[in-house]
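Per chain, numbering begins at 1; letters A, B, ... match sequence-line order. It should be emphasised that the depicted structure is a prediction, and the values quoted were computed from it without experimental measurement.
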There are 2 protein chains.
Amino acid sequence: MKNENYEIDITQCPIAPVQKVISGKWNMVIIYFLSQGVMRFGELQRKLPGVTQAALTKQLRLLEEYKMVHREIYKQVPPKVEYSLTETGIKFLPVLTALEEWATEYQVLESSALS
Amino acid sequence: MKNENYEIDITQCPIAPVQKVISGKWNMVIIYFLSQGVMRFGELQRKLPGVTQAALTKQLRLLEEYKMVHREIYKQVPPKVEYSLTETGIKFLPVLTALEEWATEYQVLESSALS
DNA sequence: CTGTATCCTACGAGATACTG
DNA sequence: CAGTATCTCGTAGGATACAG
């Protein structure tokens, strides 16, 4: 009961199955920041202006489910939770780097060639 | 009136501004298929099982706006429209390749390490 | 501090029917 | 063939309040 409702099953396109991982408003941004090191919930939230606790939590749970991020809970008061990339998440970084490079170029285009 | 309503403006994360380009259910898949060559509307639709004309059209218009795809209209009856990647779109391919590689590995994980 | 639990709204995207 | 025009629905994601 995890991807039964996900109708994209195209054998012709290898990226279709992982489309959900890269979608989502904050996914990539979260991964980006986590690539710089382990972070606590609050830290992460402060990095993402405009995200609400509820939204951030939901996104993190998703990324956890996708095995992208690891959640380390410290049993203490006040609570402390640290997020970090998993092996799979780390293997994803080349994608992020490529995207980052492209984004930089793209921005140049946007400010020159576009209206 | 194009990104005024797009509140992510984080200077700290370079990929935030292009997040919209990679989101969307079909964007990446479309780019993937267009990377294999110029395609007509109908061809593209047949490649994407489950997509409706309305949805595909909308996505293509978006990708056009993002300067990712080029739309070539042949003034004739019946109409013929060909879609292809722009320069920006082609520069994006490394990202797609990286994602593709990762996706392949990821699939392996999903079928072995996951329940 | 790090969450849940609701409520609410905007938007993506499918279904369907119609046009040049 | 390649679109538009509506309608509808599900869901992502914001606001807010409360909890351990």
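Look at NZ on Lys25(A): it is 13 Å from C1' on dT9(C), rounded to the nearest Å.
For Thr52(A), taking side-chain heavy atoms from C-beta onward, the closest of the listed nucleotides dA15(D), dG13(D), dA5(D) is dA15(D). Side-chain atoms of Val51(B) lie closest to dG14(C) of the nucleotides dG14(C), dG3(D), dG14(D).
For Ala103(A), the side chain to side chain contact (heavy atoms under 4.5 Å, CB included) partners are Val18(B), not counting sequence neighbours. Partners of Lys91(A) under the salt bridge (Lys or Arg N to Asp or Glu O under 4.0 Å) rule, at least two apart in sequence or in another chain, are Glu105(B). With sequence neighbours excluded, the residues forming a side chain to side chain donor-acceptor pair (under 3.5 Å) with Arg71(A) are Tyr83(A), listed by chain and number.
Listed by residue number, the members of residues 38-46 of chain A with any heavy atom below 4.0 angstrom from DNA chain C are Arg40(A), Phe41(A), Gly42(A).
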Identify the pairs formed between an N or O of the protein and an N or O of nucleotides 18-20 of chain D at a distance under 3.5 Å, and give each distance.
none

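Side-chain N/O atoms of Lys58(B) and base N/O atoms of dG12(C) include no donor-acceptor pair closer than 3.5 Å.
Under a 4.0 Å N-O distance rule, the pair Glu64(A)/Arg61(A) qualifies as a salt bridge.
Within the 4.0 Å cut-off from OP1 or OP2 of dA13(C), at least one side-chain nitrogen or oxygen of Gln59(B) is found. Taking side-chain N and O atoms only, Tyr83(A) has no distance below 4.0 Å to OP1 or OP2 of dC1(C).
Of the residues near DNA chain C, Ile73(A) and Asn27(B), the one whose nearest nucleotide (by heavy atom distance) lies more toward the 5' end is Ile73(A).
Between its opening and closing five pairs, the helix from dC1(C)-dG20(D) to dG20(C)-dC1(D) changes axis direction by 50°, a value rounded to 10 degrees.
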